[in-house]
Amino acid sequence: LRLMAKATRLIWRGIKWGFGALAVAGLCFVAFAWLSAFFVKVGRPQVPVAGPPIYVCAGAVHTDFAVPKELAASEAYGALASFIPDSLPDDTYVLMGWGDYRFFTEVPAASDLRPGIALGALSGRHQTALRMIFIRKSSLRDFCRELPLDEAGQDAISDHIRETVGIPELLPESSYGVIYLKSDMRYGVFQTCNDWTSDALRKAGLPVARWTAPFAFSVTWPLRVLSE
């Protein structure tokens, strides 16, 4: 009995140490991500093309690109253009963002997030998807930032988005206003929805966090240098 009691204490001590180590690792990662957003990789000078711009839009935990309907329905976006209804108003923008499919469909608000969904996403066990949402331009002013892109920058954004899905395959839960397209990319701690957005911005030559961009602010904060 004494041996069993001693073994139990050792096991519980190991569990406590394990959770403590995970907590410290998590705090270190958050601190590293925060510092990364301040050590900005500036990008290159660009002269924006004429016409409606592309925006980057940020919520509490997620970022998207907002692409004008005319551009999203062009050859630049390949087969994705076939999912843009002709009946949409001319001032429509298409929010395009990649992420965990269950997160998209089961977590409409941060309060709906459950540990099982979060852990499944971070461990890469869930299907991922490119989400497309149709909104009016008037809705962009509250949470989006215009991107000063030249033609090469716009091409880099469209290439990145197209390559995310390859040959588009519609997923369940899609509707007239929201479309989910299957992606073979894996979600994880070092490849979040915001890392995806940051990767596209880096390819386009815009300011990005130097090392990692797991959070929404990791994407939006480096863009502040465009106003300086």
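Keep in mind that the numbers below use all heavy atoms, side chains included, and drop hydrogens, waters and symmetry copies.
Both L201 and M185 are part of a single hydrophobic cluster, where members link through side-chain heavy atoms under 4.5 Å apart. Under a hydrophobic clustering in which Ile, Leu, Val, Met, Phe, Trp and Tyr are joined whenever their side-chain heavy atoms come within less than 4.5 Å, directly or via other members, V219 and V189 fall into the same cluster. Cluster annotation: I133 and I179 are assigned to distinct hydrophobic clusters (Ile/Leu/Val/Met/Phe/Trp/Tyr, side-chain heavy-atom contacts under 4.5 Å, transitive).
Considering only residues two or more places apart in sequence or on other chains, Y55 meets the ring pair (Phe, Tyr, Trp, His ring centres under 6.0 Å) condition with Y93. Residues satisfying the ring pair (Phe, Tyr, Trp, His ring centres under 6.0 Å) criterion with F134, sequence neighbours excluded, are absent altogether. T63 is linked by a side-chain hydrogen bond (donor to acceptor under 3.5 Å, both in side chains) to N194, T197, counting only residues two or more places apart in sequence or in another chain. Every side chain to side chain contact (heavy atoms under 4.5 Å, CB included) that P172 has, sequence neighbours left out, goes to Y101. Annotation: salt bridge (Lys or Arg N to Asp or Glu O under 4.0 Å) contacts of R44 (sequence neighbours excluded): D150. With sequence neighbours excluded, the residues that form a salt bridge (Lys or Arg N to Asp or Glu O under 4.0 Å) with D64 are R131. R202 meets the salt bridge (Lys or Arg N to Asp or Glu O under 4.0 Å) test with D199; sequence neighbours excluded. In this structure, the salt bridge (Lys or Arg N to Asp or Glu O under 4.0 Å) partners of E106, at least two apart in sequence or on a different chain, are R102, R114. With sequence neighbours excluded, no residue forms a ring pair (Phe, Tyr, Trp, His ring centres under 6.0 Å) with F83.
For residues 49-107, every residue pair satisfying the disulfide bond (SG atoms under 2.5 Å apart) rule, not counting sequence neighbours, is listed here: C57-C144. For residues 167-209, no residue pair satisfies the disulfide bond (SG atoms under 2.5 Å apart) rule, not counting sequence neighbours.
Between A209 and T212 the shortest heavy-atom distance is CB-O, 3.4 Å. Nearest heavy atoms, P148 versus L226: CD-CD1, 3.8 Å. The two atoms that bring F39 and R210 nearest to each other are O-CB, 2.8 Å, heavy atoms only. In terms of heavy-atom proximity, A81 sits nearest to S74 at CB-O, 3.8 Å. The minimum heavy-atom distance linking S87 with Y176 is given by the pair OG-OH, 3.0 Å. Nearest approach of H62 to A216, heavy atoms of both residues: N-CB, 4.1 Å.
Using modelled atom types, one side-chain atom of S174 and one backbone atom of Y180 make a donor-acceptor pair closer than 3.5 Å. Using a distance-only test at 3.5 Å, with no hydrogens or angles considered, no donor-acceptor pair links the side chain of T128 to the main chain of Y187. No donor-acceptor pair under 3.5 Å is formed between the side chain of Q46 and the backbone N or O of L147. When atom types are taken as modelled, the side chain of Q127 and the backbone of S183 share a donor-acceptor pair closer than 3.5 angstrom.
Between atom CD of residue E173 and atom OG of residue S175 there is a gap of 9.0 Å, rounded to the nearest 0.5 Å. To the nearest 0.5 Å, atom CE of residue M96 and atom CE of residue M132 are 4.0 Å apart. Separation of atoms CZ (F143) and OG1 (T220) is listed at 13.0 Å; rounding is to 0.5 Å. The distance from atom CG of L171 to atom NZ of K182, rounded to the nearest 0.5 Å, is 7.5 Å. Distance check: I135 CD1 to L95 CG gives 4.0 Å after rounding to the nearest 0.5 Å. Interatomic distance, OG of S158 versus CG of L80, reported as 9.5 Å (0.5 Å rounding).
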Evaluate side chain to side chain contact (heavy atoms under 4.5 Å, CB included) for L130 paired with F104, printing each intermediate quantity in order.
-> CA-CA 10 Å; L130 178 73; F104 279 151; over 6 Å; no
Using the side chain to side chain contact (heavy atoms under 4.5 Å, CB included) rule, take D100 and V107 through it: C-alpha gap first, then chi angles, then the decisive distance, then the call.
-> CA-CA 10 Å; D100 182 270; V107 187; over 6 Å; no
Side chain to side chain contact (heavy atoms under 4.5 Å, CB included) between L140 and K137, worked out | CA-CA 6 Å; L140 297 177; K137 184 180 179 180; 4.2 Å; yes
Output, in order, the C-alpha distance, side-chain angles, deciding distance and verdict of side chain to side chain contact (heavy atoms under 4.5 Å, CB included) for V67 and Y77.
-> CA-CA 10 Å; V67 182; Y77 284 79; 3.6 Å; yes
CA sep, side-chain torsions, deciding dist, call: F103, H126, ring pair (Phe, Tyr, Trp, His ring centres under 6.0 Å) = CA-CA 9 Å; F103 197 98; H126 298 163; 9.6 Å; no
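Counting only heavy atoms from C-beta outward, the side chains of D195 and F190 never approach each other to under 4.5 Å.
Judged purely by distance below 3.5 Å, without hydrogens or angles, the side chains of R125 and S123 pair a donor atom with an acceptor atom.
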Could you pull out every donor-acceptor pair under 3.5 Å between side chains of residues 160-170 and any protein atom, sequence neighbours left out?
unit_1	atom_1	unit_2	atom_2	d
H160	ND1	K203	NZ	3.0
H160	NE2	W196	O	3.0
H160	NE2	W196	NE1	3.2
R162	NH1	A76	O	2.7
R162	NH1	D159	OD1	2.9
R162	NH2	D159	OD1	3.1
T164	OG1	H160	O	2.8
T164	OG1	W196	NE1	2.8

